[in-house]
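One structure is given here, and the rest of the page talks about it.
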Amino acid sequence: SDVLICEGIAKSYNRGKPNEITVLKGLDLTIPKGQVTALVAPSGAGKSTLLHIAGLLDTPDAGRVVIDGEDLTGARDGKRTAARREKLGFVYQFHHLLPEFSAAENIILPQLANGAGRADAEARAADLLGRVGLSARMDHRPSALSGGEQQRVAFCRALANAPSLLLADEPTGNLDPATSDTVFDVLMGLVRETGLSALIATHNMELAAKMDRVLRLENGALTEG
Ligand code: ADP
Ligand code: ADP
């Protein structure tokens, strides 16, 4: 079964104006369950636009977005927000952790917001942080953690509600190269252990080569390899 199907996705900005720009031109993308796909794109090619559409943060001008078998293309906002919370995990270049809360609380809070009980949420946060080697850092605030550690917490938060699909935009892009490699391996370990499906945008071809498939976004469409 497929976790994500994007079919015939078209997207332009400034439609009907002199500065209209067509970014996606009938793009197709399918992510089977358990597959980790790299998304490689030159700057300005539409990587963020595609991730926002797949992440239900923006709507295409044409085409369908199906997540876990549910067509959410024309769904109302409440349904899209619920699907984002329950089905999707997001990781960005910058972690956006809540600065006034501990690492553990940053992973517990999204679970409580999703209806989990406190004890279960605490247990899951401890389990996830343990998997990324941060058991000893659970009670630290983000500011007391290194950049690589902060990003590892962000990965755990993305997985807090056991999403079906992880969407990541340059998840190690703000780290120095050595830290980036290590932290990326931690992310891949976490994704593999949990059987998660993922779409991970990166400029780093070495990292892309560690994934199951590499897709290149160019001229509004995807090509393999
Ligand atoms: P990438 O993430 O690959 O750098 P984006 O998806 O951010 O690319 O943007 C693709 C193109 O669409 C770029 O030329 C960008 O300037 C343009 N663009 C993105 N968002 C908007 C917007 N809200 N309004 C107008 N143009 C936009
Ligand atoms: P709520 O306000 O109930 O948290 P949101 O729609 O803001 O609902 O958030 C749902 C999910 O979508 C969260 O995981 C959040 O990280 C993500 N999200 C919301 N808005 C954005 C955005 N502009 N860019 C990236 N991710 C977003």
Side-chain angles (χ1 to χ4, degrees), residues 3-31 35-67 72-77 80-81 83-84 87-97 147 150-151 154-155 157-158 163 165-177 180 183-184 187-188 191 196-225:
V3 172
L4 173 70
I5 302 172
C6 292
E7 209 172 69
I9 301 293
K11 182 73 182 181
S12 300
Y13 293 107
N14 307 316
R15 288 178 87 189
K17 295 186 188 143
N19 58 348
E20 173 166 341
I21 171 171
T22 298
V23 180
L24 305 176
K25 304 174 181 170
L27 171 150
D28 296 315
L29 167 64
T30 297
I31 301 195
Q35 191 187 67
V36 180
T37 297
L39 176 64
V40 178
S43 185
K47 178 195 71 178
S48 303
T49 300
L50 175 57
L51 286 173
H52 282 138
I53 289 172
L56 304 173
L57 296 162
D58 199 359
T59 49
D61 303 327
R64 298 198 311 143
V65 179
V66 180
I67 294 176
L72 292 156
T73 318
R76 61 192 169 76
D77 282 354
R80 292 162 65 87
T81 301
R84 279 206 301 277
K87 307 261 182 189
L88 302 176
F90 296 91
V91 177
Y92 306 98
Q93 187 167 356
F94 298 97
H95 56 74
H96 305 299
L97 295 172
Q150 291 173 10
Q151 206 60 355
F155 299 160
R157 181 188 51 185
L165 176 67
L166 177 73
L167 296 169
D169 194 353
E170 299 282 351
T172 61
N174 75 323
L175 304 173
D176 65 74
S180 167
V183 170
F184 183 83
L187 174 62
M188 287 301 285
V191 166
L196 195 59
S197 320
L199 178 62
I200 302 177
T202 180
H203 282 114
N204 186 326
M205 291 310 297
E206 268 173 56
L207 300 188
K210 293 182 181 180
M211 301 186 217
D212 298 321
R213 182 174 60 152
V214 179
L215 295 177
R216 189 174 297 277
L217 175 58
E218 239 162 358
N219 302 318
L222 292 170
T223 49
E224 197 103 14

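Order of listing sets the numbers, starting from 1, for every ligand and every atom in it. Only heavy atoms go into these numbers, but all of them, side chains included; no hydrogens, no water, no symmetry mates.
- Looking only at protein heavy atoms, the nearest one to atom 9 (O) of ligand 1 is T49 OG1, 3.9 Å.
- For atom 12 (O) of ligand 1, the nearest protein heavy atom (residue, atom name, distance) is V23 CG2, 3.3 Å.
- For ligand 1 and K47, the ligand atoms under 4.0 Å from any heavy atom of the residue are 1 (P), 2 (O), 3 (O), 6 (O), 8 (O).
- G44 O, 3.3 Å is the protein heavy atom nearest to atom 10 (C) of ligand 1.
- Counting atoms of ligand 1 from 1 in the listed order, those under 4.0 Å from a heavy atom of I21 are 14 (O).
- With rounding to the nearest 0.5 angstrom, the CD atom of Q150 is 9.0 Å from the CG atom of L175.
- Residue S48 approaches ligand 1 through these ligand atoms, each under 4.0 Å from one of its heavy atoms: 1 (P), 2 (O), 6 (O), 7 (O).
- Residue contacts with ligand 1 leave out A41, since none of its heavy atoms falls under 4.0 Å from the ligand.
- Side-chain contact of T73 with R64: a donor-acceptor pair under 3.5 Å is absent, judged by distance alone.
- Of the possible donor and acceptor atoms, one in the side chain of R157 sits under 3.5 Å from a partner among the backbone N and O of H96.
- Y13 CB, 3.4 Å is the protein heavy atom nearest to atom 25 (C) of ligand 1.
- For the pair N204 (side chain) and L207 (backbone), a donor-acceptor distance under 3.5 Å is present.
- Under the 4.0 Å distance rule, the nearest protein heavy atom to atom 15 (C) of ligand 1 falls outside the cut-off.
- Distance check for atom 7 (O) of ligand 1: a protein heavy atom is found below 4.0 Å.
- For the pairing with L24, the side-chain contact (heavy atoms from CB on, under 4.5 Å) check across N219, T49, L222, D61 returns one residue only, T49.
- Counting only distance, with no hydrogens or angles, the side chain of Q151 and the backbone of G147 share no donor-acceptor pair below 3.5 Å.
- Counting heavy atoms from C-beta outward, L166 and V36 have side chains that stay 4.5 Å or more apart.
- In terms of N/O distances under 3.5 Å, ligand 1 is approached by G46.
- Note that the CG atom of N174 and the OH atom of Y92 stand 14.5 Å from one another [nearest 0.5 Å].
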